[in-house]
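Structure first, then comments.
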Amino acid sequence: MARLANKVLIITGAGNGMGKAMAIRFAQEGAKVLASDRDEAWINATVKEITDAGGTAVADVTDVSDEAAVKTLIHRAVKEFGRLDILVNNAGIPDNFKTVVTATDETWDRVLKINLYAPFWACREAVSIMNTQSSGGVILNVSSVGGLYGALGGAAYVASKHGVIGLTKNIAATYGVQGKVRANALAPGTIQTNIRAAITDPDPMGDQALRDAGGYSGPQGTGEDMANAALYLVSDEAKFVNGAVLVADGGWTAY
Ligand code: ADP
């Protein structure tokens, strides 16, 4: 039996990296996936991979820094598939390890918009819809080990990812007791994806900076590793898991 049979699922940032791996994995498990990204070519490629393999997916191009567009995206699931069972807020950007002194207002605004405001906007719409459904719904917000520790990202990134965990726990506490909506966070460690390739600033950057910050020099995870962890959290196997943060970091933060 597929673990997400007939579940209607939205995932943001599904054009690349762990979001793409998650979308593919969720579809393999029977989910009807509304796969969204700001990059049209990337999201079309994700959806093609899913549909070529016999899965169900629809491509959506949304920049999650646009509140109105996020609202349209969430309601599109109901238009396309009649309901919304699972929302995965995965789209995110790094901040090049800017400190509180070197982070500009522009960095702060952009990182907070995409990493924290967007999940807030998406959850607002999704929880409203899920509350009207007898079966409720499930939220998964992708945070980071930078959402739990202070030095595993720059100031804006760490603040945004801590915020995501707070938002998640608040949703769990508010709606979980009603048995309507489960909300959990995933905290990936170092993953081989583009977000790392996008870290270009020579001002403390890259693997060495991460190791210096976290004291970790172990293996990196893959998108598939994250997809497997995410799959558990959004599936009914985790029906009693609510308000949790699942750290998937190869042992980095246990170091
Ligand atoms: P990771 O998988 O490590 O999070 P990637 O850069 O590989 O990093 O993937 C992030 C995904 O999120 C990309 O597909 C990117 O296009 C998407 N993304 C980034 N910013 C936005 C945004 N503002 N709106 C929608 N998608 C975004």
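Both counts, for ligands and for their atoms, begin at 1 and track the order of listing. Every value quoted in this text rests on a predicted model; they were computed, and no experiment measured them.
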Is it true that [X] and [Y] have a side-chain N and a carboxylate O under 4.0 angstrom from each other?
{"X": "Lys32", "Y": "Glu80", "result": "no"}
{"X": "Asp236", "Y": "Lys7", "result": "yes"}
{"X": "Arg76", "Y": "Glu125", "result": "no"}
{"X": "Glu29", "Y": "Arg25", "result": "yes"}
{"X": "Lys48", "Y": "Asp52", "result": "yes"}

Would you check the N or O atoms of [X], main chain and side chain alike, for any that come under 3.5 Å of an N or O of ligand 1?
{"X": "Asp37", "result": "yes"}
{"X": "Ala91", "result": "no"}
{"X": "Asn16", "result": "yes"}
{"X": "Val64", "result": "yes"}
{"X": "Asn90", "result": "no"}

Number the atoms of ligand 1 from 1 as they appear, then name those within less than 4.0 Å of a heavy atom of [X], with their elements.
{"X": "Ile114", "answer": "23 (N)"}
{"X": "Gly15", "answer": "14 (O)"}
{"X": "Trp42", "answer": "13 (C), 14 (O), 16 (O)"}

Nearest heavy atom to [atom]: which of [options] does it belong to?
{"atom": "atom 11 (C) of ligand 1", "options": "Gly13, Ser36, Ala118", "answer": "Gly13"}
{"atom": "atom 18 (N) of ligand 1", "options": "Met18, Arg38, Met22", "answer": "Arg38"}
{"atom": "atom 10 (C) of ligand 1", "options": "Gly92, Gly17, Ser144", "answer": "Gly92"}

Exercise for the section: Give a yes or no answer on whether the side chain of Asp85 reaches the backbone of Gly137 with a donor-acceptor pair at less than 3.5 Å. Expected result: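 No; judged by distance alone, with no hydrogens or angles, the pair does not exist.
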
Handout entry: Under-4.0 Å heavy-atom contact with ligand 1, by part of Asp63 that carries it
Key =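 Both backbone and side chain.
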
Fill in the blank from the handout: The answer for which part of Thr62 has a heavy atom under 4.0 Å from ligand 1 is backbone

Problem - Identified side-chain contact (heavy atoms from CB on, under 4.5 Å) counterpart of Val234 within the set Leu186, Val88, Asn184 - result: Val88

Practice task
Please determine, by modelled atom types, if Thr168 and Asn141 share a side-chain donor-acceptor pair under 3.5 angstrom.
Solution key: yes

